[in-house]
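First up is the structure itself, then whatever we jot down about it.
Chain identifiers are assigned alphabetically (A, B, ...) following the order of the sequence lines, protein sequences preceding nucleic acid strands; residue numbering begins at 1 within each chain.
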There are 4 protein chains.
Amino acid sequence: MEVMNMGGVSADQLRLIIDKIERLEEEKVQLGEHIKDVYSEAKAEGFDVKTIRTVVRMRKMKPEEMNEQEEMLEIYLSALGMRRSEQQEAS
Amino acid sequence: MEVMNMGGVSADQLRLIIDKIERLEEEKVQLGEHIKDVYSEAKAEGFDVKTIRTVVRMRKMKPEEMNEQEEMLEIYLSALGMRRSEQQEAS
Amino acid sequence: MEVMNMGGVSADQLRLIIDKIERLEEEKVQLGEHIKDVYSEAKAEGFDVKTIRTVVRMRKMKPEEMNEQEEMLEIYLSALGMRRSEQQEAS
Amino acid sequence: MEVMNMGGVSADQLRLIIDKIERLEEEKVQLGEHIKDVYSEAKAEGFDVKTIRTVVRMRKMKPEEMNEQEEMLEIYLSALGMRRSEQQEAS
DNA sequence: TGACAAAGCCCCTGTC
DNA sequence: GACAGGGGCTTTGTCA
């Protein structure tokens, strides 16, 4: 009964899957802690953590902004008087 | 140029659409905040917010779905020797 | 037993809370469907839904971008050669 | 100007920090995709992904926490007349 | 089915 | 030192 096959489900296979996931998630947690350490050190050296996070986020986002359906967007923004080059005059 | 028709797009109509969406989304945000308030009050009165969320989620599910979920979970836990009824003897 | 007080929890009060949450969530769903309708109509009239979504998102984000720790961010971006005005030449 | 020191901030050091974070986050993403693959394979072999997620989550919880959650839930469901054991008679 | 948006959960910071 | 509040990340559901 320890190793069973219930509802067509292989218990052994299930165990393997769950073990693997738990191992990978454990690594992921470690990585997360490592990242946190880097931020902590940065803070200790006088950097502003929040700003670094912002920079990292921006660098991630840039690529998708650049290729994305830019033309259509420009048309719509123009129609709304939100063209980027005019934005600061928008009051 | 303020009211233009570029690429077959009516700027005025576009404005109306976006205004309407923003108005509706604003209402939706308000509602979300209201819901959050209710949870906060509940918490202040000693209720466990997480459990209330679970209950609300369960009530959303059709009873059959809920049973399916439960049954499937039981099967998997059994396969792993984690059946709830046996749990306390597990250690 | 219908109206009970178990573990210091008032069943009646709990019912009220859950009813209220469910009512508010129902309204929220309605609103979401309404918004969806507006997008559908826009599409039927020849607008590009995805672009409208982008515009709406941009209009939401602008305010927070503008006030947010801008100076610090500029400093950091400069240090990395990512100053916004130089960005398009960055390639 | 490439290597500058603005506002007391070392550009080079900042670069190192951000590079390190991005490298670690990249690894974290890879790991996340790997985990997703495992789930996909499990699904392809007939397992129920959602249930596996539930099992993994349960195994992460300390047994006492798990019991607490369960007990609290039982209390709330009882208060609402939704106790599982009575459910099928409920209609 | 694959991407996109919304919701829930958790950590972290500021405050009392 | 604890706790409420906010922000970020992960996960879940939905739409094309």
With B:Glu41 via side chain to side chain contact (heavy atoms under 4.5 Å, CB included) - residues at least two apart =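 With neighbours one apart ignored, the set is B:Asp37.
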Over 12 non-hydrogen atoms of neighbours within 6.0 angstrom of CD in C:Glu33 |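 More than 12 heavy atoms, drawn from other residues, nucleotides or ligands, come within 6.0 Å of this atom.
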Separation of [N] [atom2] from [X] [atom1] (nearest whole Å):
X: B:Asp48; N: F:dC3; atom1: CG; atom2: P; value: 14 Å
X: A:Met58; N: F:dG8; atom1: CE; atom2: P; value: 14 Å
X: C:Met61; N: F:dG8; atom1: CE; atom2: C1'; value: 15 Å
X: D:Gln69; N: E:dC10; atom1: CD; atom2: C1'; value: 14 Å
X: B:Asp37; N: F:dA4; atom1: CG; atom2: C1'; value: 14 Å
X: A:Glu33; N: E:dC11; atom1: CD; atom2: P; value: 10 Å

Should [X] and [Y] count as side-chain neighbours, where that means a heavy-atom distance under 4.5 Å?
X: C:His34; Y: B:Glu27; value: no
X: C:Met72; Y: A:Thr54; value: no
X: D:Leu14; Y: A:Val55; value: no

Between protein and nucleotides 9-16 of chain F, map the contacts as a letter string: B base, S sugar-phosphate only, - none, heavy atoms under 4.0 Å, written 5' to 3'.
-> -S-SS-S-
Quantified as the angle between the terminal helix axes (five pairs each), what is the overall bend of the helix from E:dT1-F:dA16 to E:dC16-F:dG1 to 10 degrees?
->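 End-to-end axis angle: 0°.
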To the nearest 0.5 Å, tell me how far A:Arg15 CZ sits from A:Asp19 CG.
->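 The CG atom of A:Asp19 is 8.5 Å from CZ of A:Arg15, to the nearest 0.5 Å.
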Just by distance, do the side chain of D:Tyr39 and the backbone of A:Ile21 share a donor-acceptor pair under 3.5 Å?
->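 No, the answer is negative, given that no donor and acceptor are paired below the 3.5 Å cut-off.
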Counting N and O atoms only, with roles assigned by atom type, does the side chain of A:Tyr76 sit under 3.5 Å from a partner on the main chain of C:Phe47, one being a donor and the other an acceptor?
->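 No; zero donor-acceptor contacts below 3.5 Å.
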